[in-house]
Number of protein chains: 2
Amino acid sequence: MTEQGPVPPRGGSAPVPRLPEATVARLPVYLRALHELSEDGRRTVSSHELAALVGGGSAKVRKDLSHLGTYGTRGVGYEVTELVGHISGVLGLTQHWSVVLVGVGNLGHALAGYGGFSARGFRVAALIDADPARAGEVIAGQPVRPLAELADAVAETGVSIGVIATPASAAQDVCDRLVAAGVTSILNFAPVVLQVPPGVDLRKVDLAVELQILSFHQHRRAAGAVDAVAEATA
Amino acid sequence: MTEQGPVPPRGGSAPVPRLPEATVARLPVYLRALHELSEDGRRTVSSHELAALVGGGSAKVRKDLSHLGTYGTRGVGYEVTELVGHISGVLGLTQHWSVVLVGVGNLGHALAGYGGFSARGFRVAALIDADPARAGEVIAGQPVRPLAELADAVAETGVSIGVIATPASAAQDVCDRLVAAGVTSILNFAPVVLQVPPGVDLRKVDLAVELQILSFHQHRRAAGAVDAVAEATA
DNA sequence: GTTTGTGAAAGGATTCACAGCA
DNA sequence: TGCTGTGAATCCTTTCACAAAC
């Protein structure tokens, strides 16, 4: 096991630091807030201000940013444009990513047209659907291609990120095909737990699960009114 | 401050235990796996099996379930139908929840038609959109109503959960209106951090953020090949 | 005065490891 | 023998608090 020092500055062109997972999940949120500040013409921002914008504590913001090796100025704060560039670089957003989207049903259709992707540098480079009847249909400027062409599409467009928006029953098969085609990052919207080999990064978004979590809290509030009041007034 | 014992059995009809947040987030996933097992005719399941289905460790599964006060049988495992009933009860899924969906653009349209909601007992009871041109349009059997009718719609249908699928610029206003109308649980899909008063439960799903997190790992893998290999073979 | 950077403390969550029961 | 339930240990995250820097 090769022992590794903290935040090792390697010789390569892009020294990506080792970050806590919780920090990685917050960096995109900071980035969005910073973009807004930048558009408003702000030059600097304090950790308190940034914390208020993203809903957290200022100490958390400072610790997150300190992991980047980015340094603010004491008594002043952080330079907005510098931070934007730094976070973008760490997240790998200075390069553009191509995405293949599999499944253009209700949700997939919406994702294909979702402006938030292209705004963040993610280009939907290929659309795939298992339904032959949909092949050839053009969505958001992209033709829908049959499942059999998935590997070709991945190779042609050089995508490294796959998005699965198929029904649950098809998701594992699609996932396997994506992996076989060389995709190493997958975002899964299908309500099923997918198995991937090591080396493939898998994230999931489950809309129904989110509602069920809300349901729990709502239910608890109703059932245990005592605790709810205690929490609300805490 | 009223001291409270662990898992206090209160006198009310539904004694909802105090659960770790991480456990709450996994219960819906267990529930889905258990439903599948139940359909396959399985009577019992071990923590190892369940762990394999949801992708986790068996100890985690056992600890999660132990929080429920649910007891399995040593040497055998957990009874599937009993667990389903127990988790459903804790999550509050034995009652049906009505949801108001605000914003029927690309994403909102998809959500309105998403089968996963109704399958889990969530009914989209009202659709709202700020665009007057869309008022009257019928989506998934529901008429789209103007923003001005939001409070009325909430009152009429008795919803307690609101889903925001508007552009970022409109989200905070919609959020305020939902809160004013008495909604206490909100699921936000708009790429913006919302402010809510205490007592209101807010969750968010940000599609672009998920992609950016994937981007980070992909980028890191490419930039720091040494670490990537170390991880893959770990 | 203001604000950062960071050790130290506190709090959660996960994993380990094993006693106890069927 | 097989599997659960759970204290103990470990790891990760958040929060505190303050010295150092502007």
Side-chain angles (χ1 to χ4, degrees), chain A residues 1 3-7 17-27 29-30 33-34 37 42-80 82-83 86-87 213 216-217 231 234, chain B residues 1 3-7 17-30 34 37 42-80 82-83 86-87 213 216-217 231 234:
Chain A
M1 194 160 289
E3 188 51 59
Q4 194 100 26
V7 190
R18 190 179 298 270
L19 301 179
E21 205 51 43
T23 296
V24 174
R26 280 188 295 265
L27 288 182
V29 185
Y30 295 149
L34 289 166
L37 287 170
R42 291 289 307 276
R43 312 294 301 186
T44 63
V45 63
S46 73
S47 60
H48 285 86
E49 217 172 340
L50 200 44
L53 286 171
V54 305
S58 62
K60 187 152 61 176
V61 171
R62 289 197 300 278
K63 187 140 280 187
D64 281 341
L65 298 184
S66 77
H67 287 302
L68 302 182
T70 300
Y71 294 100
T73 315
R74 295 170 195 231
V76 178
Y78 302 87
E79 231 218 301
V80 173
E82 185 190 310
L83 249 195
H86 209 315
I87 295 179
I213 295 172
F216 168 79
H217 292 296
E231 276 168 28
Chain B
M1 193 162 288
E3 187 51 59
Q4 195 102 27
V7 191
R18 191 178 298 269
L19 301 179
E21 205 51 44
T23 296
V24 173
R26 281 188 294 266
L27 288 181
V29 184
Y30 295 149
L34 289 166
L37 286 170
R42 292 288 308 276
R43 313 294 300 185
T44 64
V45 63
S46 73
S47 61
H48 290 266
E49 218 172 338
L50 200 45
L53 286 171
V54 305
S58 63
K60 187 151 63 174
V61 171
R62 289 198 299 279
K63 187 140 279 187
D64 281 341
L65 297 184
S66 77
H67 287 302
L68 302 182
T70 301
Y71 294 100
T73 316
R74 292 167 196 236
V76 179
Y78 302 86
E79 230 218 303
V80 173
E82 185 189 309
L83 249 195
H86 210 314
I87 294 179
I213 295 172
F216 168 79
H217 292 297
E231 276 167 29

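- The B:R74 side chain lies nearest to C:dA22 when the options are C:dT14, D:dT14, C:dA22.
- When the nearest nucleotides of DNA chain D are assigned to A:T23 and B:H48 by heavy-atom distance, the more 5′-ward of the two goes with B:H48.
- Contact annotation: A:R26 reaches the phosphate of D:dT14 (side-chain N/O to OP1 or OP2, under 4.0 Å).
- Closest to the side chain of A:A22, out of D:dT6, D:dT13, D:dG2, is D:dT13.
- For B:K60, taking side-chain heavy atoms from C-beta onward, the closest of the listed nucleotides D:dT4, C:dT6, C:dT15 is C:dT15.
- For A:E21 and D:dT14, the CD to P distance is 11 Å, given to the nearest whole Å.
- In terms of modelled atom types and a separation under 3.5 Å, the side chain of B:T73 and the main chain of B:V76 share no donor-acceptor contact.
- Side-chain N/O atoms of B:T73 include none lying less than 4.0 angstrom from OP1 or OP2 on D:dT4.
- Distance from the side chain of A:R62 is smallest for C:dG5 among the nucleotides D:dT6, C:dG5, D:dT13.
- Of all heavy-atom pairs between A:L34 and A:V80, the closest is O-CG1, 3.6 Å.
- With rounding to whole Å, A:L65 atom CG is found 9 Å from C:dT4 atom P.
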**Item:** side-chain hydrogen bond (donor to acceptor under 3.5 Å, both in side chains) between B:E21 and A:H217, intermediate numbers included
**Value:** CA-CA 10 Å; B:E21 205 51 44; A:H217 292 296; 3.0 Å; yes
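- Both A:G57 and A:G75 sit near DNA chain D, but only A:G57 has its closest nucleotide nearer the 5' end.
- Between the CD atom of B:E49 and the C1' atom of D:dG2 there is a distance of 13 Å, rounded to whole Å.
- The CG atom of A:L50 lies 11.5 Å from the CZ atom of A:R26; values are rounded to the nearest 0.5 Å.
- Rounded to an integer number of Å, the gap from A:H67 NE2 to C:dG7 P is 11 Å.
- Between A:Y71 atom OH and D:dC22 atom C1' the separation is 16 Å, expressed in whole Å.
- A:K63 places its NZ atom 16 Å from the C1' atom of C:dT3, with the value rounded to the nearest Å.
- Computed from coordinates, the A:R18 CZ to D:dC12 P distance equals 11 Å when rounded to whole Å.
- In this structure, OH on A:Y78 lies 10.0 Å from CD1 on A:I87, to the nearest 0.5 angstrom.
- Remark: B:Y78 is in phosphate contact with D:dG5, judged by side-chain N or O atoms under 4.0 Å from OP1 or OP2.
- Per the geometry, CG belonging to B:L50 stands 13 Å off C1' belonging to D:dT4, to the nearest Å.
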